[in-house]
Amino acid sequence: MNTLKEKLLDRLNKDGADIVRFGNADRFRDPAVRKLFPEAKTVIGIAFRQLRGARRGIEEGSTYYQYTTNAVETLDEIIIPMALMRAAGILEDAGFEALPQRQNLLIMDSAEGTNPEVDYHEIYREKKEENQLDYPVCAVDAGLGEIGLSGSLLTDEFGPFQRFAFILTDAPFDPDPIVKPHLCDQCGACIKGCPGHAISPEGNLDTWQCCAYYNGANRSKNPFMPAEAFADDPDRLAIISGEANLTPDRAKEIIDQLIYYPPMKHALRASICGRACDTECYIHLEEKGVLTKKFHTPFRKRTEWKLSITEEDSSKDEKEKEMKK
């Protein structure tokens with residue numbers, strides 16, 4: 001007869017989970033674990049891959065909705081909730097309580113920051129302790145992976161390309177080991193890759209700066225932005241080149257003007273950068289050969305494309321295209 005752990009692993013794998021780790025609740029640093037479930041004995045960390053192909057359209061500068069719909073919305077709103085519910089049902093069938101924990105993208109733990117993935121108008125602020133776990137910290141304590149320089153979870157299988165969730169339960173399980181950091185070599189590819197320079201050399205993320213450029217404020221990486229965008233703004237060149245240092249209020253003004261691509265559902269914003277920080281990190285890890293999930297071809301197949309920033313350069317580009325015809 002299969003053990004309870006084997007039943008859980010089988011069910012989770014069938015429901016799309018790619019990595020499952022069991023951590024003793026006592027080793028979790030986040031006090032929310034005990035606040036949410038005082039009798040918890042185990043926290044199960046579960047990671048779901050983001051399809052590499054979901055970033056293909058952004059990498060080629062062709063179509064952009066796949067990243068947000070496939071790598072964020074489908075995972076967070078369909079795949080993960082179903083997997084958590086079915087696994088929790090197996091635990092409860094065995095007589096143990098189970099508390100699924102899926103990240104709520106609209107809840108922030110600070111009045112100062114934001115979540116680039118969603119419409120900032122919809123965010124509930126300063127609610128974290130009452131509502132959800134510290135997800136990156138719990139991912140490490142569950143044994144899923146390590147945190148890279150940019151703050152993203154890195155795993156041996158997928159680098160930074162995954163979403164993750166948890167189940168808190170009073171069922172006891174033998175714990176998996178915590179991962180010793182070994183993937184992130186502090187190369188800075190994530191910092192260099194950000195089109196808005198939102199990550200400091202120390203790895204600190206300015207979430208409002210990130211939000212504006214996640215939404216496409218850098219014209220060199222946004223094929224939908226017209227040449228006349230921000231024409232009346234005295235800081236136009238700094239904004240569209242990613243060199244502007246944005247306050248939260250200034251970021252909001254810019255984000256509200258980025259209406260060149262259709263919005264997503266569930267308050268999600270279409271990502272024009274496609275989390276370029278994670279993409280560059282993945283490319284670096286793939287080139288190093290440290291990822292266990294292999295592909296027949298490299299992710300970056302061609303020279304990275306960029307559009308011209310100035311109208312003069314755009315006109316020059318158009319003339320060169322005409323001459324080549």
Side-chain angles (χ1 to χ4, degrees), residues 1-51 71-72 74-105 107 128-147 153-183 291-293:
M1 178 180 291
N2 290 340
T3 66
L4 179 57
K5 188 172 186 177
E6 289 171 336
K7 289 179 180 178
L8 280 172
L9 290 171
D10 181 64
R11 182 70 266 167
L12 285 166
N13 290 333
K14 287 179 177 177
D15 286 334
D18 292 286
I19 310 171
V20 183
R21 298 289 184 267
F22 295 76
N24 188 304
D26 289 337
R27 79 187 190 192
F28 280 73
R29 294 166 286 170
D30 185 4
V33 169
R34 291 296 180 198
K35 184 177 179 65
L36 291 167
F37 196 160
E39 292 77 31
K41 290 185 173 64
T42 302
V43 178
I44 306 171
I46 312 162
F48 301 75
R49 79 179 75 184
Q50 292 180 312
L51 294 177
V72 180
T74 299
L75 287 179
D76 282 12
E77 302 295 338
I78 301 173
I79 303 298
I80 291 177
M82 182 60 70
L84 292 179
M85 290 297 291
R86 286 178 169 168
I90 289 175
L91 286 163
E92 299 213 340
D93 285 345
F96 298 103
E97 284 192 2
L99 177 59
Q101 289 291 289
R102 175 181 70 94
Q103 189 170 16
N104 188 326
L105 301 179
I107 297 175
K128 172 194 164 283
E129 184 178 354
E130 303 171 12
N131 290 274
Q132 65 179 339
L133 304 172
D134 186 326
Y135 276 71
V137 169
C138 287
V140 171
D141 291 347
L144 285 173
E146 65 183 84
I147 300 301
L153 176 71
L154 306 181
T155 66
D156 287 324
E157 294 86 347
F158 310 109
F161 287 1
Q162 62 261 308
R163 310 287 281 191
F164 50 95
F166 303 93
I167 297 176
L168 280 59
T169 179
D170 55 0
F173 292 97
D174 292 334
D176 293 307
I178 292 176
V179 174
K180 183 178 180 180
H182 60 287
L183 291 172
L291 300 179
T292 59
K293 176 62 178 175

Ring pair (Phe, Tyr, Trp, His ring centres under 6.0 Å) partners for Phe48, two or more places apart
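Expected list: none.
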
Under the rule for side chain to side chain donor-acceptor pair (under 3.5 Å), what residues qualify as partners of [X], not counting sequence neighbours?
{"X": "Asp93", "result": "none"}
{"X": "Asp15", "result": "Arg11, Arg86"}
{"X": "Asp76", "result": "Arg163"}
{"X": "Thr155", "result": "Gln162"}

Could you list the donor-acceptor pairs under 3.5 angstrom formed by side chains in residues 38-45, with sequence neighbours left out?
from	atom 1	to	atom 2	distance (Å)
Thr42	OG1	Ala171	O	2.7
Thr42	OG1	Phe173	N	3.4

Whether the side chain of Asp30 engages the backbone of Val137 through a donor-acceptor N/O pair (distance < 3.5 Å, no angle test) should be reported.
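Absent.
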
Where the side chain of Gln50 meets the backbone of Ala71, is there a donor-acceptor pair that is under 3.5 Å apart?
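Judged by distance alone, yes, a pair lies under 3.5 Å.
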
Applying side chain to side chain contact (heavy atoms under 4.5 Å, CB included), can you list everything that pairs with [X], at least two apart in sequence or on another chain?
{"X": "Asp10", "value": "Lys14"}
{"X": "Glu77", "value": "Glu73, Arg102, His266"}
{"X": "Ala165", "value": "Ile80, Leu84"}
{"X": "Asp18", "value": "Arg49, Phe158"}

Salt bridge (Lys or Arg N to Asp or Glu O under 4.0 Å) contacts in which one or both residues fall within residues 166-181, not counting sequence neighbours
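For residues 166-181, and leaving out neighbouring residues, there are no salt bridge (Lys or Arg N to Asp or Glu O under 4.0 Å) pairs at all.
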
Distance-minimising heavy-atom pair for Leu133 and Cys138:
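Minimum heavy-atom separation between Leu133 and Cys138: CB-SG, 4.0 Å.
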
Does any non-hydrogen side-chain atom of Val20 lie less than 4.5 Å from one of Leu8?
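Counting from C-beta outward, Leu8 and Val20 never come under 4.5 Å.
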
